[in-house]
Number of protein chains: 2
Amino acid sequence: MAPRGRRLDAGARREQILEAAVACIAERGFGATTRELARRAGVTQALLYQYFANKQALTEAVYERVYLGRLDPRWMREIRDRSRPVERRLEDFYRRYTAAIFTYEWMRIFMWAGLAGEGLNRRYLGTVEARLLRPLAEEIAADGRFGAPELEAMWALHGSLVYIGIRRFIYDLPTPEDPGPAVAAGVRRFLDGLRAEAQRARRRRLR
Amino acid sequence: MAPRGRRLDAGARREQILEAAVACIAERGFGATTRELARRAGVTQALLYQYFANKQALTEAVYERVYLGRLDPRWMREIRDRSRPVERRLEDFYRRYTAAIFTYEWMRIFMWAGLAGEGLNRRYLGTVEARLLRPLAEEIAADGRFGAPELEAMWALHGSLVYIGIRRFIYDLPTPEDPGPAVAAGVRRFLDGLRAEAQRARRRRLR
DNA sequence: CCGCTTGTTGATCGTTTGATCAACGAAGGG
DNA sequence: CCCTTCGTTGATCAAACGATCAACAAGCGG
């Protein structure tokens, strides 16, 4: 961006440092040194302390940048929109959700934070369960054809899809270029599985 | 174990240090300091270098300890045993596989290694695909009732189950005490999903 | 052109890190 | 009993770490 040493207004410089920190911490984790962050941002190490009190403050700013407001409230509304078939709603939601989180930065920083034992992951995934998985399970149950899935089943679906991103960004394994079809197939298989189970249960009750 | 400073024969001391390193690196990752490892093992930091050339050598010994020989060759044989129904084989395999890898040490060191960019994960998961997922897909296809699942579908099953361990050991979230029932339910749902898809395809072909 | 504000730097501090080494001391054979 | 062996330690090193600070210089109002 701006050549080294050139003056920049405070807001832009802070932004530049934060963006570099996001990239650097995604790659190396919280063990990344302040000198690495500074080099990546194209500024001196001392300048970091002009914009952030210390390394931990910068780290927390990185958290906020990556996770704040990633859960689009519209998703939760559309999950509840019973004018559309639940299959479509489930598929649409997970297409959008995976599109939102399948980035190098999101996936890796989330995993680094999990291993580091920050509360962030528990809070975030608590919200995922309460605001996404639980409503989805209720909508599936309300349909009638699929029985009432347990939360653990919803986590299985969630995990099967998120794992695509883990393979790609954590383990650096080849995955489908566009995860869309795999997501759609996964959702379909999941609902088919639920329906078969529900039918078995119904037949057992009739006998 | 042995009181500090007490002489121990070389083999036992090396073992003691290695075991402490496994626990310490599982918790803190490769950024764990040599002084931390030594304190955990109850020896001085200098003694580490009597048994390992440097920190990286110790790290690699930890890798070996945790991952070498975890893929039991019997699993691969039993997957191919067509005298038993494929449903049972799939469920049995994943019960044993998850029982083997769902430990604090395995799960976390594997994740640390993935983020650190070691080749270990790619090699290991390459083996998983070639020796486990591909054979499983072939056995499922050979049954006839489930169609021929793509590898991506097998990865979805794999991910849905492994994610239980990730929730537990990486994100420190509550999960079923015994993952067995969840594994069995996941496998059943997966096969039901495959079967429904195969039936749809068959019907399309008849039309 | 001056002088003030403020974004930026180079030098430097104390601490922690991985690694080395001379010296210690428990154990066993003669 | 002494002497050799070898597991173990405390002291220490150079490098790298997070953090601080006086000094510098770009831009702007006057």
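Convention: sequence-line order gives letters A, B, ...; per-chain numbering from 1.
- With rounding to whole Å, Leu48(A) atom CG is found 14 Å from dG7(C) atom C1'.
- Whole-Å rounding puts the Leu8(B) CG to dT9(D) C1' distance at 15 Å.
- Counting heavy atoms from C-beta on, the side chains of Phe110(B) and Ile101(B) never come closer than 4.5 Å.
- We find that CZ of Arg28(A) is positioned 15 Å from C1' of dC17(D), with the value rounded to whole Å.
- Aromatic ring orientation, His158(A) versus Tyr97(A): tilted (interplanar angle from 30° to 60°).
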Set out, line by line, the N/O atom pairs under 3.5 Å between protein and nucleotides 17-19 of chain C.
unit_1: dG18(C); atom_1: OP1; unit_2: Lys55(B); atom_2: NZ; d: 2.8
unit_1: dG18(C); atom_1: OP2; unit_2: Thr34(B); atom_2: N; d: 2.9
unit_1: dG18(C); atom_1: OP2; unit_2: Thr34(B); atom_2: OG1; d: 2.8
unit_1: dG18(C); atom_1: N7; unit_2: Arg35(B); atom_2: NH1; d: 2.9
unit_1: dG18(C); atom_1: O6; unit_2: Arg35(B); atom_2: NH2; d: 3.1
unit_1: dA19(C); atom_1: OP2; unit_2: Tyr49(B); atom_2: OH; d: 2.9
unit_1: dA19(C); atom_1: OP2; unit_2: Lys55(B); atom_2: N; d: 2.8
unit_1: dA19(C); atom_1: N7; unit_2: Gln45(B); atom_2: NE2; d: 2.9
unit_1: dA19(C); atom_1: N6; unit_2: Gln45(B); atom_2: OE1; d: 2.8

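- One interatomic measurement links the two molecules: CG of Leu47(B) to P of dG25(C), which rounds to 17 Å at whole-angstrom precision.
- For Tyr63(A) and Phe30(A), the ring centers sit closer than 6.0 Å to each other.
- The number of heavy atoms from other shown groups lying within 6.0 Å of CZ (Arg200(B)) is above 12.
- Judged purely by atom type and a 3.5 angstrom limit, Arg108(A) uses its side chain to pair as donor or acceptor with the backbone of Leu115(B).
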For residues 169-178 of chain A, tabulate all N or O donor-acceptor pairs below 3.5 Å that involve a side-chain atom, not counting sequence neighbours.
unit_1: Asp172(A); atom_1: OD2; unit_2: Arg122(B); atom_2: NH1; d: 3.2
unit_1: Thr175(A); atom_1: OG1; unit_2: Arg168(A); atom_2: NH1; d: 3.0
unit_1: Asp178(A); atom_1: OD1; unit_2: Gly180(A); atom_2: N; d: 2.9

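- The distance from atom CG of Asp9(B) to atom P of dC6(D) is 13 Å, rounded to the nearest whole Å.
- Atom-to-atom, CZ of Phe52(B) to P of dT20(C) comes out at 15 Å; the value is rounded to the nearest Å.
- One can place CZ of Arg7(A) at 15 Å from P of dC24(D), the figure rounded to the nearest angstrom.
- Within 4.0 Å (heavy atoms only), Tyr51(A) reaches sugar-phosphate atoms of the nucleic acid but no base atom.
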